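These numbers come from a predicted model, not from an experiment.
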Amino acid sequence: MTTGHILVVEDERITAKDLQVQLQDLGYIVPTTVSSGEAAVQRVAEVRPDLILMDIHLAGKMDGVETARQIWTEFRIPIVYLTAYADEQTMQRAKVAEPFGYLVKPFTTRELKTTIEMALYRHTMDQALRSSHATNRALIHALPDWLFRINSDGVFVNFKMGKDPQVPLASDEFLGKPVVATLPAPEAEQLLSCVQAALASNETQSFEYTLTRTTHPCYYDARVVVSAPAEVMVIVRDVTARKEAEEALQRAHKDLARKAAALEAANVELAQYAYAASHDLKTPLRAIHNYVTFLQEDLATVVSGEQKVYLEGLSRAVRQSEALVNDLLALSQVGSQEKPQVPLDLGVFLHELVAALQLPADLAIDLLPAWPIVTSERTLLWQIFQNLILNAVKFNRSPHKRVWIGWRPLGDTHCEISVRDNGIGIDPQYHDRIFRMFQRLHPANEFEGTGIGLAIVKKAVGKLGGTIRVESTVNCGSTFLVTLPVILDEELL
């Protein structure tokens with residue numbers, strides 16, 4: 001059923017009452033009628049009807065046209081005029097109030113209903129359109145861009161100023177004038193080409209161009225959008241800051257690449273130097289080691305007391321020096337020669353490693369029965385787990401030494417391998433420090449070593465694209481966790 005609150009403004013009482021009854025029979029709400037313009041304005045302010053039926057000829061100071069104009073201006077309520085006759089001048093005045101329809105007396109109930117429904121529908125559509133226009137205007141004014149309207153003849157019709165108040169041309173230098181007369185030839189040709197392409201395809205066209213202000217080049221991004229059958233809107237954004245940032249970023253990337261190359265060359269040179277120096281040190285150390293051994297054998301029955309202690313100390317120092325040189329050589333060689341990474345069965349690999357290490361008989365090693373296949377370099381993998389297992393044995397005072405080696409998947413592409421022991425443990429404050437060069441937490445007379453082993457492990461893990469960390473507390477053992485790329489079998493998951 002039809003609904004809507006309607007106000008009837010009619011100075012003939014009988015006509016007003018008859019109209020009220022007709023409207024109520026049609027389902028509209030018409031609580032009252034008014035007979036003058038002044039009363040109509042007051043009533044509208046109080047009840048805000050959905051529509052007004054306004055007689056053009058009203059008694060009093062305000063006729064229907066003036067009343068309609070005031071109501072429309074203040075309240076934007078749709079008005080339908082009622083008239084039995086009207087001269088040309090009155091009709092012209094009536095248009096100013098933007099009426100939503102005319103009903104010429106006498107009219108039928110069907111004509112009344114149709115006119116009201118069309119007026120209400122039109123008002124609803126107008127409100128939606130006004131709201132849309134208001135939203136679009138707000139969005140356009142919020143944009144930092146310049147907007148130019150250009151017709152199909154390539155003439156500037158209108159524009160909106162962008163965030164940057166500076167523009168190469170004043171508005172009177174381009175409005176109403178063709179593009180070719182205002183822009184440099186290359187930019188004008190490019191813009192006109194995009195205008196024609198947009199009008200022909202109804203698709204957005206875009207291009208970038210450069211204009212020079214004094215001596216400083218400015219970069220612009222332009223998008224051409226069809227806004228009417230024979231007109232486009234050109235949206236221009238100043239992208240100078242972005243372009244300058246991109247150029248600065250490119251320069252920074254080039255500079256970074258140059259420094260990275262220099263650093264890589266320095267690292268290679270340093271590794272070669274460390275290898276050469278360590279290699280050259282091995283020869284005199286080996287000679288000293290042999291001479292000390294000869295002295296100990298030849299003078300075994302001659303020297304005693306302090307002299308024997310001196311020889312034993314010399315022999316121990318030579319062994320430590322040889323171990324240090326060997327570790328430095330190993331560190332310098334980690335990843336020095338790129339070798340192909342191949343699929344390796346970790347279970348088979350770890351069993352071979354444990355067998356080759358000749359570990360103490362009192363050590364128990366627990367290995368999981370099922371292992372994944374990793375894509376890795378065998379030599380680096382050997383260095384990693386050889387060091388971890390030997391450390392688990394060395395730093396262990398337990399009467400029943402034990403090492404657990406296990407793993408777990410990390411997603412579909414990596415696995416985490418753990419080497420856990422029941423040894424002396426590591427204070428958490430040293431968890432990062434132990435992976436640095438020459439870092440020892442215990443004196444040499446307590447635990448032998450050079451302080452390089454875990455540095456070798458960390459470097460080798462990094463070369464394989466993995467990570468390493470430790471979980472440990474003092475006297476509670478240690479767990480070293482190595483993450484590596486892996487090929488996982490569905491059954492293992």
Side-chain angles (χ1 to χ4, degrees), residues 267 327-328 330-335 341 344-347 349-350 353-354 357 359 363-368 370-398 401-442 447 449-488 492-493:
N267 285 338
D327 283 348
L328 284 172
L331 182 65
S332 68
Q333 290 298 100
V334 170
Q341 295 193 8
L344 290 173
D345 186 317
L346 261 182
F349 170 82
L350 289 171
L353 173 61
V354 169
L357 290 181
L359 298 169
L363 173 69
I365 289 190
D366 294 329
L367 279 166
L368 288 180
W371 286 84
I373 296 174
V374 297
T375 302
S376 187
E377 184 183 323
R378 182 181 177 87
T379 302
L380 294 180
L381 209 60
W382 191 280
Q383 287 179 311
I384 293 168
F385 291 103
Q386 173 181 268
N387 274 286
L388 293 179
I389 293 172
L390 291 179
N391 278 357
V393 176
K394 183 199 301 184
F395 298 100
N396 196 326
R397 296 193 181 100
S398 175
K401 297 180 177 65
R402 200 173 191 91
V403 177
W404 295 265
I405 306 177
W407 76 282
R408 67 185 181 96
L410 292 179
D412 297 332
T413 59
H414 287 75
C415 72
E416 185 179 74
I417 306 163
S418 59
V419 178
R420 179 166 62 93
D421 62 59
N422 60 342
I424 62 174
I426 304 168
D427 192 314
Q429 66 177 311
Y430 301 122
H431 284 185
D432 291 330
R433 175 180 162 185
I434 58 174
F435 293 105
R436 301 174 195 162
M437 286 277 289
F438 304 118
Q439 296 300 314
R440 293 179 51 86
L441 305 183
H442 308 278
F447 294 103
T450 61
I452 300 177
L454 287 178
I456 294 174
V457 170
K458 186 175 179 66
K459 186 176 180 181
V461 170
K463 288 288 184 181
L464 295 177
T467 61
I468 184 170
R469 61 189 177 90
V470 63
E471 295 176 355
S472 180
T473 53
V474 177
N475 298 324
C476 294
S478 300
T479 302
F480 285 86
L481 301 153
V482 178
T483 301
L484 292 174
V486 68
I487 303 172
L488 292 176
L492 291 177
L493 290 173

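Applying the ring-ring contact (aromatic ring centres under 6.0 Å, His included) test to F349 and every residue at least two apart in sequence or in another chain returns W382. Here D366 pairs with R402, W404 under the side-chain contact (heavy atoms from CB on, under 4.5 Å) rule; sequence neighbours left out. T479 is linked by a side chain to side chain donor-acceptor pair (under 3.5 Å) to nothing, counting only residues two or more places apart in sequence or in another chain. T473 is linked by a side-chain contact (heavy atoms from CB on, under 4.5 Å) to P428, C476, counting only residues two or more places apart in sequence or in another chain. For L367, the side-chain contact (heavy atoms from CB on, under 4.5 Å) partners at least two apart in sequence or on another chain are L350, H351, I365, W371, I405. With sequence neighbours left out, R420 forms a salt bridge (Lys or Arg N to Asp or Glu O under 4.0 Å) with no residue at all. In this structure, the side chain to side chain donor-acceptor pair (under 3.5 Å) partners of R469, at least two apart in sequence or on a different chain, are E416, E471. In this structure, the side chain to side chain donor-acceptor pair (under 3.5 Å) partners of N422, at least two apart in sequence or on a different chain, are N396, S398. Residues forming a side chain to side chain donor-acceptor pair (under 3.5 Å) with D427 (at least two apart in sequence, or on another chain): Q429.
V474 is not listed as a side-chain neighbour of Y430, based on a closest heavy-atom distance of 4.5 Å or more. Contact annotation: the side chain of K401 never approaches that of D421 to less than 4.5 Å [non-hydrogen atoms, C-beta and beyond]. Within the 4.5 Å cutoff, the side chain of L359 has heavy atoms near those of the V354 side chain. L484 places a side-chain heavy atom less than 4.5 Å from the side chain of L381. You'll find the side chain of I384 stays beyond 4.5 Å of the side chain of I417, heavy atoms only.
Judged by distance alone, with hydrogens and angles left aside, the side-chain atoms of T375 form no donor-acceptor pair with the main-chain N or O of V486 at under 3.5 Å.
Atom CG of L380 is separated from atom CZ of F385 by 11.5 Å, given to the nearest 0.5 angstrom. Here the CZ atom belonging to F480 is positioned 6.5 Å from the CG atom belonging to N391, to the nearest 0.5 angstrom. To the nearest 0.5 Å, atoms OG (S376) and CG (L344) are separated by 6.0 Å. We find the CD1-CG distance between I434 and L454 to be 5.0 Å, quoted to the nearest 0.5 Å. The line from CG of L353 to CZ of R378 is 8.5 Å long, rounded to the nearest 0.5 Å.
Checking each of L368, V374, V482 against W407 for a side-chain contact (heavy atoms from CB on, under 4.5 Å) leaves exactly one that passes, namely L368.
Across all non-hydrogen atoms, the minimal contact from E377 to L464 is N-CD2, 3.7 Å. Taking both residues in full, the closest heavy atoms of S478 and G425 are given as OG-CA, 3.5 Å, listed atom of the first, atom of the second, then distance. Summarising the geometry of C415 relative to P372, their closest heavy-atom pair is SG-CG, 4.4 Å, with the distance given to 0.1 Å.
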message: Run L481 and T467 through side-chain contact (heavy atoms from CB on, under 4.5 Å) and show every step you take.
response: CA-CA 8 Å; L481 301 153; T467 61; over 6 Å; no

